Amino acid sequence: MKYQQINKSKCYCITLCRAANAITAYYDEGLQPTGMTTKQFSLLLHLSRLEEASTGELADYVNLERSTVTRNLKILVEQGWVYDKAEPGKRNHRYAVTEAGQQKIEEAYVIWERLQENLNEMLGEDNMQALRSALYKIQELQKA
């Protein structure tokens with residue numbers, strides 16, 4: 001019981017890290033039937049919106065570290081959901097979503113929508129809007 005009190009930190013950083021871990025675990029668990037993690041789903045979805053992109057372009061678009069994008073793209077390629085448009089032996093990698101990847105997006109999107117609705121019901125629409133607004137402002141710290 002004593003440890004529950006410790007978890008209620010006044011530190012914004014620790015509280016946000018714990019919340020980020022909890023929400024990532026929530027989405028990862030929900031998406032488990034698709035064989036994808038939250039980051040993989042997000043990359044696949046965003047890549048489909050871009051139609052094609054290099055690793056750097058995709059990393060900039062989703063605001064993630066290039067190494068994280070590279071690691072997850074490798075898995076998406078291995079699964080057959082993304083392909084590299086570069087000619088064999090060339091270094092100018094350009095990635096695009098395959099037909100199987102597009103089907104995977106559609107499968108995962110249904111689950112993602114349910115997860116979103118569950119959170120919305122749990123926290124309420126007004127709280128979700130306020131949370132999104134605050135999180136977008138916090139992300140601006142990175143650019144300052």
Side-chain angles (χ1 to χ4, degrees), residues 1-86 91-144:
M1 299 297 172
K2 191 176 188 179
Y3 295 107
Q4 289 178 351
Q5 292 174 350
I6 294 171
N7 286 335
K8 302 250 180 174
S9 175
K10 291 183 180 182
C11 176
Y12 298 130
C13 182
I14 293 302
T15 302
L16 282 168
C17 285
R18 289 176 182 158
N21 289 339
I23 197 75
T24 300
Y26 168 77
Y27 278 90
D28 282 350
E29 184 179 317
L31 289 171
Q32 200 168 24
T34 68
M36 278 191 292
T37 65
T38 305
K39 284 184 181 168
Q40 291 162 0
F41 171 63
S42 178
L43 284 179
L44 193 59
L45 181 64
H46 286 97
L47 181 57
S48 75
R49 290 179 180 158
L50 291 172
E51 295 184 10
E52 73 174 60
S54 68
T55 304
E57 290 167 345
L58 185 55
D60 287 345
Y61 188 72
V62 296
N63 197 26
L64 288 174
E65 293 289 325
R66 190 180 173 123
S67 61
T68 300
V69 171
T70 300
R71 202 171 35 256
N72 284 289
L73 270 176
K74 181 180 178 192
I75 294 166
L76 296 175
V77 169
E78 288 170 358
Q79 292 294 328
W81 302 328
V82 168
Y83 70 100
D84 186 352
K85 296 177 80 173
R91 293 175 51 117
N92 57 341
H93 300 283
R94 306 265 327 147
Y95 297 95
V97 176
T98 64
E99 183 61 38
Q102 193 59 47
Q103 290 173 356
K104 190 55 71 170
I105 290 170
E106 292 168 16
E107 174 190 343
Y109 199 83
V110 172
I111 295 169
W112 177 83
E113 282 183 319
R114 188 184 73 240
L115 296 168
Q116 293 277 103
E117 288 170 10
N118 291 347
L119 276 177
N120 206 41
E121 287 175 17
M122 184 178 99
L123 295 175
E125 181 64 33
D126 290 343
N127 285 334
M128 287 306 296
Q129 286 181 1
L131 178 60
R132 267 192 307 272
S133 178
L135 292 173
Y136 291 144
K137 286 179 185 176
I138 289 170
Q139 289 179 52
E140 292 298 317
L141 289 172
Q142 199 173 22
K143 297 175 184 170

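As the structure is a computational prediction, the values presented were derived from the model and not from experiment.
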Report the distance from atom [atom1] of [X] to atom [atom2] of [Y], rounding to the nearest 0.5 Å.
{"X": "Leu44", "Y": "Ile75", "atom1": "CG", "atom2": "CD1", "value": "12.5 Å"}
{"X": "Thr24", "Y": "Lys39", "atom1": "OG1", "atom2": "NZ", "value": "6.5 Å"}
{"X": "Asn120", "Y": "Gln129", "atom1": "CG", "atom2": "CD", "value": "8.5 Å"}
{"X": "Glu65", "Y": "Thr70", "atom1": "CD", "atom2": "OG1", "value": "10.5 Å"}
{"X": "Ile138", "Y": "Ser133", "atom1": "CD1", "atom2": "OG", "value": "10.0 Å"}
{"X": "Glu29", "Y": "Ile111", "atom1": "CD", "atom2": "CD1", "value": "12.0 Å"}

- Taking the inter-plane angle between the rings of Tyr61 and His46 on a 0 to 90° scale, is it parallel (under 30°), tilted (30 to 60°) or perpendicular (over 60°)? perpendicular
- Relative to the ring of Tyr95, is the ring of His93 parallel (under 30°), tilted (30 to 60°) or perpendicular (over 60°)? parallel
- Mind running side-chain contact (heavy atoms from CB on, under 4.5 Å) on Phe41 and Thr34 for me, showing each step along the way? CA-CA 9 Å; Phe41 171 63; Thr34 68; over 6 Å; no
Heavy-atom side-chain proximity of [X] to [Y] below 4.5 angstrom:
{"X": "Val69", "Y": "Leu43", "value": "yes"}
{"X": "Leu47", "Y": "Leu76", "value": "no"}
{"X": "Asp84", "Y": "Val77", "value": "no"}
{"X": "Gln79", "Y": "Met36", "value": "no"}
{"X": "Thr37", "Y": "Leu31", "value": "no"}

Which atom pair, heavy atoms only, marks the closest approach of [X] to [Y]?
{"X": "Leu119", "Y": "Met128", "result": "O-SD, 4.1 Å"}
{"X": "Asn72", "Y": "Gln40", "result": "OD1-CG, 3.2 Å"}
{"X": "Leu115", "Y": "Tyr26", "result": "O-OH, 2.9 Å"}
{"X": "Gly56", "Y": "Arg66", "result": "CA-NH1, 3.6 Å"}
{"X": "Ser48", "Y": "Leu45", "result": "OG-O, 2.6 Å"}
{"X": "Ala53", "Y": "Leu58", "result": "CB-N, 4.2 Å"}

For a quick check under 3.5 Å, do [X] and [Y] share a side-chain donor-acceptor pair by atom type?
{"X": "Gln103", "Y": "Glu107", "result": "no"}
{"X": "Gln116", "Y": "Tyr27", "result": "yes"}
{"X": "Thr38", "Y": "Asp28", "result": "yes"}

- Message: Counting neighbours of CD on Glu125 that are heavy atoms of other residues, nucleotides or ligands and sit closer than 6.0 Å, is the number greater than 12?
- Response: yes
- Is there a donor-acceptor contact under 3.5 Å from the side chain of Glu140 to the main chain of Lys137? no
